[in-house]
Amino acid sequence: MTVPEVLLCEATDINLDICLDKGGQSFTWIRISDHQWLNVINNKIVILVRANGKIYLQSSETDQDLLDHVKDYFRLDYDLRTMYHQWSSVDDHFKSLAPEYPAIRLLRQDPVETLFSFICSQNNAIPRITKMVQHLKVAYGEPLGEIHGVALYAFPNIERLAVETVERDLRDAGFGYRAKYIRDAARHLIDTGLDLHSLRKEPYLTVHERLVEIPGIGPKVADCIALMSLDQLGAVPVDTHIWQLACKQYRFSGLPKAKSSMNKTAYHAVGGHFREIFGDHAGWAHLVLFAAQSRARGSLRKTLS
DNA sequence: TGGCCTCCTACCCT
DNA sequence: AAGGGTAGGAGGC
């Protein structure tokens, strides 16, 4: 069988290594070689191939509709070079880091998948999160087929995750206390009838409020979901690292010294500060800083071992 | 009082 | 072995 292939963009348009593997945005991409990635987008199997300075899209049913979805997923309509210039011009720290981390794109992901993935992410590291999300798909998602010897699944729907026995099963599968959050969050979505997609049109604070009402979702996870799947490009997820960055690098005043005493006001103040510096798309800028930060930590570990 | 805040701890696992 | 977070309880205002 020949697999149709269409041109997606230039290789320099998307930093695939960071965006798909280690960026902490998506946990579902499977790297099958140095230059090939596998995933499901819009319930269709998708292969990304980097070759000849370009990125190609392969799929057994490549059509214009899927191509549009993939372009949308990578937000290729945003002129990222201009945005990098803009962010560099307003912040020296960004300016010094950016050349090493080009083409970091904010993925426009599915809200349901993003919500449950980031419930898994709390107090957790990427390899384990990846395993857990994979488990959700294998255990409760529709199989979509097999390619290059890899079986792929759709992300389960919320009805399936809301089943009574899910908590027990996930606990047995090693989800720990997150097992209950997942089942309860699914239950909440059904009971309240909250339509996640419709939140894309709402203002940031409304989106944040709706999300933190969901069991297992606090302010940080809410902002991850808002930023990465609900078009809230100004949402800044404040975790330990960004908190430290805010205190040390940006010397934000008026913040409590210890992270343990972070309250609602202080949490939102950090996001506000970043928005003052970087503007409406501060969450995207934060992603670049975040990538640089975690990369720095990784190499530090390497040199110590 | 109720409501809202702060502080503290437990939670699973690698 | 300390951690990329949240919930729930106690106690204060």
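Order of the sequence lines fixes the chain letters, A, B, ..., with proteins taken first and strands second; residue numbering starts at 1 for each chain.
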Take the protein atom [atom1] of [X] and the nucleotide atom [atom2] of [N], then report the distance between them rounded to whole Å.
| X | N | atom1 | atom2 | value |
| --- | --- | --- | --- | --- |
| A/Met262 | C/dA7 | CE | P | 14 Å |
| A/Gln122 | C/dG8 | CD | C1' | 14 Å |
| A/Ile182 | C/dG5 | CD1 | P | 17 Å |
| A/Glu167 | C/dA7 | CD | P | 14 Å |
| A/Lys264 | C/dT6 | NZ | C1' | 15 Å |
| A/Leu211 | C/dA7 | CG | P | 12 Å |

With a non-hydrogen cut-off below 4.0 angstrom, is [X] in contact with a base, only sugar-phosphate, or nothing?
| X | answer |
| --- | --- |
| A/Ile126 | base |
| A/Pro219 | sugar-phosphate |
| A/Thr240 | sugar-phosphate |
| A/Pro237 | nothing |

task = Check DNA chain B against residues 220-234 of chain A and give the residues with a non-hydrogen atom under 4.0 Å, in numerical order.
result =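 By residue number: none to list.
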task = Please indicate whether A/Asp79 has more than 12 foreign heavy atoms, meaning atoms of other residues, nucleotides or ligands, lying under 6.0 Å from its CG.
result =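 Count over threshold, so yes.
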When rounded to the nearest 0.5 angstrom, what is the spacing between [atom1] in [X] and [atom2] in [Y]?
| X | Y | atom1 | atom2 | answer |
| --- | --- | --- | --- | --- |
| A/Asp184 | A/Leu189 | CG | CG | 11.0 Å |
| A/Ile129 | A/Thr28 | CD1 | OG1 | 12.5 Å |
| A/Tyr56 | A/Arg50 | OH | CZ | 13.0 Å |

ask   = So which one's nearest nucleotide on DNA chain C is more toward 5', A/Lys180 or A/Val238?
value =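 Its nucleotide being nearer the 5' end, the pick is A/Val238.
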request  = Determine the minimum heavy-atom distance between A/Gln25 and A/Met228, stating which atoms define it.
outcome  =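 Here A/Gln25 and A/Met228 meet closest at CA-SD, 3.9 Å.
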Heavy-atom closest pair, residues A/Asn43 and A/Leu144 =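 Scanning both residues completely, I find the closest heavy atoms to be O-CD1, 3.6 Å.
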key: Centroid separation A/Tyr101 to A/Tyr84 less than 6.0 Å   =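 No, the ring centres sit 6.0 Å or more apart.
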request  = Run the ring-centre check on A/His286 versus A/Phe278 and record whether the distance is less than 6.0 Å.
outcome  =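 Ring centroids of A/His286 and A/Phe278 are no less than 6.0 Å from each other.
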task = Name the pairing partner of B/dC12, where a pair is Watson-Crick or G-U wobble with both distances under 3.5 Å, or state none.
result =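 Per the H-bond distance test, none.
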Nucleotide N/O of nucleotides 9-14 of chain B paired with protein N/O under 3.5 Å:
residue: B/dC12; atom: OP1; partner: A/Arg171; partner atom: NH1; Å: 3.1
residue: B/dC12; atom: OP1; partner: A/Arg171; partner atom: NH2; Å: 2.3
residue: B/dC12; atom: OP1; partner: A/Tyr177; partner atom: N; Å: 3.3
residue: B/dC12; atom: O5'; partner: A/Arg171; partner atom: NH1; Å: 3.2
residue: B/dC12; atom: O5'; partner: A/Tyr177; partner atom: N; Å: 3.2
residue: B/dC12; atom: O2; partner: A/Arg128; partner atom: NH1; Å: 3.2
residue: B/dC12; atom: O2; partner: A/Arg178; partner atom: NH1; Å: 3.3
residue: B/dC12; atom: O2; partner: A/Arg178; partner atom: NH2; Å: 3.4
residue: B/dC13; atom: O4'; partner: A/Arg128; partner atom: NH2; Å: 3.3

inquiry  = Roughly how many Å apart are C/dA7 and B/dT14, using the P atom of each and rounding to a whole number?
reply    =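 After rounding to an integer number of Å, I get 23 Å for this pair.
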ask   = Hey, does the Lys NZ or Arg CZ of A/Arg183 hover above the aromatic six-ring of A/Phe175, less than 6.0 Å from the centre and inside 45° of the axis?
value =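 No; the conditions do not both hold, so A/Arg183 does not lie above the ring face of A/Phe175.
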